[in-house]
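Below is one structure, written out as structure tokens; comments come after it.
We count residues from 1, following the sequence as given.
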Amino acid sequence: MAYKLISLELAFCCCNVDSKENLLPLEWEYADDVDFVDEEKSNLEYMLPICKEILEEWNLFVNESKTEFTHFYLADKNEVDDKGEPLRGREPWRSSISLGSKLCSSEDVNRRCVLANSAFQNYNKVWEQGNRIPLKTRLKIYEAQVVSILMYNCNSWAASKQLLHNLDVCHRNHLRRIINMTYPNIIRNKTLYKRCDTVPLSERVGCAWWRMLGHILRSDNNSPAQLALHFAVESQSVMKDQLLPLEWDYTADVDFLDEDEENLQALLLVCKEILEEWNSYVNKSKTEFTAFYVDDDTLYKKCNSRPLSKRVEYSRGKMFGHMLLRAATLQRYVLYFCS
């Protein structure tokens, strides 16, 4: 009780006249980060003192000493840092943190794995209890204390397949530790997920991406997310100023099936013309026509069947056998009655 009274007394001493009723110093009442984006750093430097002056009218104080300026760019292939090492892929902005996440997805995923491993180690006593703590309870603890760290802000990741694979590897290592199935004991990934009643984190990341896209599409047309989405899709100037050529912005494969190759060739010209209206380009030089066929033995094996000719021959032999049996039976009846 004594330390609580000391804390209250200290709060009263630190409070300004306007905030005595709230028991907290004025600068502790509310804290948040504000981001401004511009193509020129000079504009942001000019805006900083103006924002500080305006926000102070609302009792919101800007700490200029903690203000950071982050420059987003891709270094040239020949650009090096102070140590003479290539700078491409290690630009300073990749290590910047905003809202608890690094701005570079690959850096953030690796950081998430490190933080999750640290959180997992904090609960080693729980994992070591084995069957004394039910598996469902251990998995609930793991979901709340570790997976929440791994998946934090995953809906904004631009993660590659390799990064998602690394995330799944980290997840599976934890699950194996929880069920005490580590080397030299072996368990298949599917069996592991089934036993723990869960799915790979990469699938959950994909669901998070779709949910975030749904939230953006359902938001107000004037919201920042909607404006950014429309600007990226509709603005041609953005495409020209991007660091990647237009034909590299998005690539996908489209497959068409038909029994006649001539129909596919005619369809290719029509698709090329239509897709160009949507700034989508068909590369005819990379178009492939594949004829699908399979040998007879493989076909019958896949379909668990056999040629009808063999079935007809089998039916004939079966019928011939029935006829012989009937003839033999008739012969026995004739001999019996004649005798």
Side-chain angles (χ1 to χ4, degrees), residues 1-4 6-7 10 24 28 31-33 66 68 70 89-212 215:
M1 190 67 183
Y3 70 89
K4 292 184 179 180
I6 295 174
S7 300
L10 179 61
L24 288 176
W28 292 0
D32 199 2
D33 296 331
K66 292 186 178 180
E68 298 179 357
T70 304
R90 300 187 300 107
E91 294 85 355
W93 63 266
R94 296 181 184 273
S95 300
S96 299
I97 297 178
S98 178
L99 300 177
S101 298
K102 288 193 174 183
L103 299 179
C104 177
S105 296
S106 58
E107 295 285 341
D108 190 48
V109 172
N110 294 332
R111 178 171 175 264
R112 289 286 129 203
C113 292
V114 173
L115 294 176
N117 287 333
S118 177
F120 186 84
Q121 296 295 333
N122 293 336
Y123 290 87
N124 273 338
K125 292 184 178 180
V126 176
W127 320 135
E128 293 171 357
Q129 293 297 319
N131 295 329
R132 284 179 287 183
I133 298 179
L135 179 59
K136 284 188 176 181
T137 304
R138 282 177 283 159
L139 290 174
K140 286 182 179 180
I141 296 174
Y142 173 71
E143 187 76 19
Q145 301 297 333
V146 182
V147 175
S148 59
I149 296 176
L150 269 175
M151 299 286 288
Y152 178 77
N153 209 17
C154 65
N155 51 19
S156 63
W157 287 344
S160 62
K161 289 184 178 180
Q162 183 60 42
L163 282 176
L164 295 179
H165 173 71
N166 296 341
L167 190 71
D168 287 336
V169 170
C170 179
H171 182 218
R172 288 195 293 267
N173 290 338
H174 293 166
L175 294 179
R176 287 187 171 93
R177 287 276 305 278
I178 292 174
I179 65 174
N180 194 22
M181 190 64 68
T182 56
Y183 186 82
N185 299 320
I186 298 175
I187 183 173
R188 293 183 177 274
N189 295 338
K190 288 185 178 180
T191 308
L192 176 65
Y193 289 129
K194 185 176 181 180
R195 182 171 175 182
C196 296
D197 193 22
T198 185
V199 296
L201 291 186
S202 55
E203 295 184 11
R204 296 173 62 176
V205 171
C207 294
W209 288 343
W210 284 111
R211 282 198 301 270
M212 175 56 68
H215 291 321

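Residue pairs meeting the salt bridge (Lys or Arg N to Asp or Glu O under 4.0 Å) criterion with at least one member in residues 110-133, sequence neighbours excluded, are Asp108-Arg112.
Under the rule for a side chain to side chain contact (heavy atoms under 4.5 Å, CB included), the partners of Arg177 that lie at least two apart in sequence or sit in another chain are Phe120, Gln121, Asn124, Thr182. Qualifying ring pair (Phe, Tyr, Trp, His ring centres under 6.0 Å) partners for Trp157, counting only residues two or more places apart in sequence or in other chains: none. For Asn153, the side chain to side chain contact (heavy atoms under 4.5 Å, CB included) partners are Ser101, Asn155, Ser156, not counting sequence neighbours. Applying the side chain to side chain donor-acceptor pair (under 3.5 Å) test to Ser202 and every residue at least two apart in sequence or in another chain returns Asp168. Applying the side chain to side chain donor-acceptor pair (under 3.5 Å) rule to Thr70 yields no partners; only residues at least two apart in sequence or on another chain are considered. Under the side chain to side chain contact (heavy atoms under 4.5 Å, CB included) criterion, Gln162 pairs with Ser160, His165, Asn166, not counting sequence neighbours. Glu91 is linked by a side chain to side chain contact (heavy atoms under 4.5 Å, CB included) to Tyr73, Leu74, Ala75, Arg88, Trp93, Arg94, counting only residues two or more places apart in sequence or in another chain.
When the shell of 6.0 Å around CG of Asn131 is examined, it contains 12 or fewer heavy atoms from other residues, nucleotides or ligands.
Nearest heavy-atom pair, Ala208 versus Cys154, reported as atom, atom and distance to 0.1 Å: CB-SG, 3.7 Å.
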Under 3.5 Å, side-chain donor or acceptor atoms of residues 184-194 against the rest of the protein: list the pairs with distances, not counting sequence neighbours.
{"from": "Asn189", "atom 1": "OD1", "to": "Arg176", "atom 2": "NH2", "distance (Å)": "2.9"}
{"from": "Tyr193", "atom 1": "OH", "to": "Arg172", "atom 2": "NH1", "distance (Å)": "3.2"}

Under 3.5 Å donor-acceptor pairs involving side-chain atoms of residues 135-150, not counting sequence neighbours:
{"from": "Arg138", "atom 1": "NE", "to": "Gly130", "atom 2": "O", "distance (Å)": "3.4"}
{"from": "Arg138", "atom 1": "NE", "to": "Ile133", "atom 2": "O", "distance (Å)": "3.0"}
{"from": "Arg138", "atom 1": "NH1", "to": "Ile178", "atom 2": "O", "distance (Å)": "2.6"}
{"from": "Arg138", "atom 1": "NH2", "to": "Gly130", "atom 2": "O", "distance (Å)": "3.4"}
{"from": "Arg138", "atom 1": "NH2", "to": "Ile133", "atom 2": "O", "distance (Å)": "3.4"}
{"from": "Tyr142", "atom 1": "OH", "to": "His174", "atom 2": "ND1", "distance (Å)": "3.0"}
{"from": "Glu143", "atom 1": "OE2", "to": "Arg204", "atom 2": "NH1", "distance (Å)": "3.2"}
{"from": "Glu143", "atom 1": "OE2", "to": "Arg204", "atom 2": "NH2", "distance (Å)": "2.6"}
{"from": "Gln145", "atom 1": "OE1", "to": "Tyr123", "atom 2": "OH", "distance (Å)": "3.2"}
{"from": "Ser148", "atom 1": "OG", "to": "Ala144", "atom 2": "O", "distance (Å)": "2.6"}

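Residues Asn110 and Leu163 form a side-chain contact, since some pair of their non-hydrogen atoms from C-beta on lies under 4.5 Å apart.
From Met181, atom CE reaches atom SG of Cys196 across 9.5 Å, with rounding to the nearest 0.5 Å.
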